Amino acid sequence: QVQLVESGGGLVQAGGSLKLSCAASGGTFESYAMGWFRQAPGKEREFVAGISRRGGNTYYSDSVNGRFTSSRDNAKNTVYLQMNSLKPEDTAVYYCAAKTLALLHGQVFVTGNDYNYWGQGTQVTVSS
């Protein structure tokens, strides 16, 4: 089984930056495609960013493209989400997710159902 633990959430003013981390244990991290999702109160869970097994390919939702950057350090079993130019509408619980059976090195997955393990989430609140 795979365990994922997010950290780095908090309260930040609009225009500020925050960096989230997701630490994985219980499996072979370098074989997993990883993703970031978020869910605001009263809204559906939304795709934010995806990153391929070796980090060579990333993909972002239109709402965060150009502001957020995902990266990973496979030696540390950790994936990151650097969030810049934060807006109040970015306020949500942010989750990391792992797909443990990605077949190709360059694959990025954008649908929640593609992932089979999820972290507990970390709260990000952006004040206006």
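Since we're looking at a predicted model, the values are computed, not measured.
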Exercise. Output every pair passing disulfide bond (SG atoms under 2.5 Å apart) with a member in residues 16-53, not counting sequence neighbours, ordered by first then second residue.
Key: Cys22-Cys96
Quiz item: Under the side-chain contact (heavy atoms from CB on, under 4.5 Å) criterion, do Tyr95 and Leu4 qualify, and how do the steps go?
Solution: CA-CA 9 Å; Tyr95 301 89; Leu4 304 173; over 6 Å; no
Pairwise distance [atom1]([X]) to [atom2]([Y]) - rounded to 0.5 angstrom:
{"X": "Tyr32", "Y": "Ile51", "atom1": "OH", "atom2": "CD1", "result": "16.0 Å"}
{"X": "Ser17", "Y": "Lys19", "atom1": "OG", "atom2": "NZ", "result": "11.0 Å"}
{"X": "Arg67", "Y": "Ser85", "atom1": "CZ", "atom2": "OG", "result": "7.0 Å"}
{"X": "Arg54", "Y": "Ser31", "atom1": "CZ", "atom2": "OG", "result": "12.0 Å"}
{"X": "Thr100", "Y": "Asn116", "atom1": "OG1", "atom2": "CG", "result": "3.5 Å"}
{"X": "Met83", "Y": "Leu18", "atom1": "CE", "atom2": "CG", "result": "4.5 Å"}

Exercise. Step by step, work out the side-chain contact (heavy atoms from CB on, under 4.5 Å) result for Arg45 and Trp118.
Key: CA-CA 12 Å; Arg45 187 156 56 190; Trp118 294 82; 3.7 Å; yes
Have [X] and [Y] got a donor and an acceptor in their side chains that come within less than 3.5 Å?
{"X": "Gln1", "Y": "Tyr117", "result": "yes"}
{"X": "Asn74", "Y": "Arg72", "result": "yes"}
{"X": "Asp73", "Y": "Thr78", "result": "no"}

Got a list of side-chain donor-acceptor pairs under 3.5 Å for residues 33-42, not counting sequence neighbours?
{"from": "Trp36", "atom 1": "NE1", "to": "Tyr80", "atom 2": "O", "distance (Å)": "3.4"}
{"from": "Arg38", "atom 1": "NE", "to": "Glu46", "atom 2": "OE1", "distance (Å)": "3.0"}
{"from": "Arg38", "atom 1": "NH1", "to": "Asp90", "atom 2": "OD1", "distance (Å)": "2.9"}
{"from": "Arg38", "atom 1": "NH1", "to": "Tyr94", "atom 2": "OH", "distance (Å)": "2.9"}
{"from": "Arg38", "atom 1": "NH2", "to": "Ser63", "atom 2": "OG", "distance (Å)": "3.4"}
{"from": "Gln39", "atom 1": "NE2", "to": "Lys43", "atom 2": "O", "distance (Å)": "3.1"}

Practice problem: Show the numbers, then the answer: is there a side-chain contact (heavy atoms from CB on, under 4.5 Å) between Tyr59 and Val48? | Solution: CA-CA 8 Å; Tyr59 189 79; Val48 175; over 6 Å; no
Would you confirm whether [X], through its side chain, and [Y], through its main-chain N or O, come within 3.5 Å as a donor-acceptor pair?
{"X": "Glu6", "Y": "Gly121", "answer": "yes"}
{"X": "Asn57", "Y": "Gly106", "answer": "yes"}
{"X": "Thr91", "Y": "Val126", "answer": "yes"}
{"X": "Ser70", "Y": "Gly50", "answer": "no"}

Side-chain contact test, heavy atoms from C-beta onward, threshold under 4.5 Å: evaluate it for [X] versus [Y] and give yes or no.
{"X": "Leu20", "Y": "Thr122", "answer": "yes"}
{"X": "Thr58", "Y": "Val108", "answer": "no"}
{"X": "Ser52", "Y": "Gln107", "answer": "no"}

Self-check item: Distance-minimising heavy-atom pair for Ala49 and Leu81
Solution: CB-CD1, 4.1 Å
Practice problem: Please say whether the positively charged group of Lys99, taken as NZ for Lys or CZ for Arg, lies over the ring of Tyr115, i.e. under 6.0 angstrom from the six-membered ring centre and within 45 degrees of the axis. | Solution: no
Exercise. Would you list the pairs meeting salt bridge (charged side-chain N to carboxylate O under 4.0 Å, His left out) in which at least one residue belongs to residues 116-128, sequence neighbours left out?
Key: none
